[in-house]
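Scroll down for the structure; my scribbles are underneath it.
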Amino acid sequence: MKSIRFVALGGALALGLAACSGGGAGAGNDDESGAAADPSELTIGVAMPTETSERWIADGDAVKSQLEEAGYTVDLQYAADDIPTQSQQIDQMITKGADLLIVASIDGTALANQLQAAADAGIPVIAYDRLINGTENVDFYVTFDNYNVGVQQATSLLVGLGLLNADGTEGTATGPFNIELFAGSLDDNNAHFFYQGAMDTLQPYIDEGTLVVKSGQTDIEQVATLRWLQETAQKRMEDLLTSSYSDGSKVNGVLSPYDGISRGIITALQNAGYGATIDAGLPVVTGQDAEIASVKLIQDGTQFSTIFKDTRKLAEQAVISAESFLEGEEPEANDTESYDNGVKVVPSFLLESDIVYADNIQSLLIDSGYWTAEEVAAGQSD
Ligand code: BGC
């Protein structure tokens, strides 16, 4: 994966920013004279959830390298998907004097104490990709349009089943089709947005009987996957096949919210004799993140689709927002309505995502330098 070169916002740090002293965005102004601190004197703490999913490694690398190019010192930490570990890492960043925090949380409700400490120390906090809930001390949110990601996942499922064409027009298939539904981790705010977007799209087809959820499991609590784990999804798919499809009926499609979950689902289906590829009888399975292993599966006709969220652009947006705070300004939001964290609506900057099918891997992922053709062929990053 190649990085997009980040062009630092020039000049502005040289301005005297007397207005930003005091709390919050005062972190960038630790000079008594009112001049903003040099980036080389500022440390940004970056808390990422886990290294088991390659998207977070890409996010961490992109945020770190772009911040370093802009001159900042970066303290990047991964928490192995363990909530106490992430809390401790953030505590330490604050104690060590971080000037700003960028946080992709594991459990979006578990960081209220840490963020209170950050606020008390005047440290701005940017929620990265996942909203942090239940606190007023989250200052900004950079993410993708998560509801629309869910719409895109469901749309690609409908395309795979032939009910829609990729251009949005009605397809020739009539159904009925058996589908099963998976959602992400309930403590991740995004999981709810993805599922809501997907279900708003699928519900009319379920209501008219074109889509049948044979297990009857449609509540997010029933279909969620704690920590987004592949093994957990594989086990649930195996259980669904036993409980709802041992009468000889077949699953035709599976809504999956994330590529790791998709691979667990596909393994369960292959082990149950559905065939190696979609042409050979494997159901249509969706995904998210354009992980390299899944992009190869899509190229090979095994997984049907994924959603591409360009982590380089998200990182760039996080850095732009961080610089705004450190210059004593409010970052520019493009959404001030959608993300209510239970205490306040957090000003947000939302990016767009794309549906990846086998026939646009080249244009979306290879031409943009996200993956090379060799990486796609190998199913592994260099
Ligand atoms: C992210 C997704 C990712 C999932 C699992 C979500 O919060 O938005 O991109 O697939 O977490 O890591």
Side-chain angles (χ1 to χ4, degrees), residues 1 47-63 78-83 86 102-111 126-133 138 141-153 156 182-198 220 223-233 255-265 285-295 297-298 303 305-315 317-318 338-339 341 346 348-356 365 370:
M1 191 185 295
M48 289 282 154
T50 175
E51 284 172 295
T52 56
S53 155
E54 78 202 5
R55 85 145 279 190
W56 298 113
I57 300 175
D59 284 276
D61 288 350
V63 172
Y78 286 91
D81 256 345
D82 183 56
I83 297 162
Q86 186 166 59
I102 297 175
V103 180
S105 59
I106 298 166
D107 178 332
T109 61
L111 295 174
I126 298 172
Y128 185 91
D129 192 75
R130 299 173 170 174
L131 186 59
I132 301 170
N133 284 315
V138 51
Y141 182 33
V142 292
T143 191
F144 291 84
D145 183 341
N146 294 304
Y147 179 87
N148 194 48
V149 167
V151 171
Q152 290 176 327
Q153 288 170 334
S156 71
F182 283 71
S185 198
L186 289 176
D187 52 8
D188 180 344
N189 196 60
N190 287 350
H192 300 266
F193 275 76
F194 301 150
Y195 197 64
Q196 190 66 50
I220 192 167
V223 307
T225 314
L226 183 65
R227 296 281 107 74
W228 305 84
L229 282 176
Q230 176 165 342
E231 310 80 82
T232 307
L255 174 79
S256 165
Y258 155 57
D259 286 343
I261 289 179
S262 314
R263 295 195 294 275
I265 293 167
V285 181
T286 66
Q288 173 171 205
D289 288 346
E291 290 200 335
I292 191 61
S294 285
V295 176
L297 290 179
I298 294 170
Q303 183 173 323
S305 60
T306 188
I307 306 300
F308 174 43
K309 306 197 303 192
D310 194 333
T311 48
R312 300 167 302 185
K313 292 188 180 154
L314 185 60
Q317 204 53 54
S338 304
Y339 290 96
N341 80 346
V346 182
S348 309
F349 195 98
L350 310 188
L351 294 164
E352 291 304 320
S353 51
D354 291 294
I355 305 176
V356 178
L365 300 176
Y370 198 74

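Throughout, residue positions are numbered sequentially from 1 according to the sequence presented. Every number for a ligand or one of its atoms is a count from 1 in the order of the listing. Predicted, not measured: the structure shown is a model, and the values here were computed from it.
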For A290, is there any backbone N or O sitting under 3.5 Å from a side-chain donor or acceptor partner on T306? yes

Assess the residue pair R55 and Y258 against the criterion (side chain to side chain contact (heavy atoms under 4.5 Å, CB included)); give the C-alpha distance rounded to whole Å, side-chain angles, the decisive distance to 0.1 Å, and a yes or no. CA-CA 11 Å; R55 85 145 279 190; Y258 155 57; 5.9 Å; no

Under a 4.0 Å threshold between the charged nitrogen and the carboxylate oxygen, would K309 count as salt-bridged to E352? no

Does L351 form a side chain to side chain contact (heavy atoms under 4.5 Å, CB included) with T143? I'd like the steps, not just the answer. CA-CA 6 Å; L351 294 164; T143 191; over 6 Å; no

I'd like the residue list for ligand 1, meaning every protein residue with a non-hydrogen atom under 4.0 Å from the ligand. R55, W56, D129, R130, D188, N190, F194, W228, Y258, Q288, D289, K309

Keeping D310 on the side-chain end and R312 on the backbone end, is there a donor-acceptor pair under 3.5 Å? yes

Got a sec, which residues hit ring-ring contact (aromatic ring centres under 6.0 Å, His included) with Y141, two or more places apart in sequence or on another chain? Y339

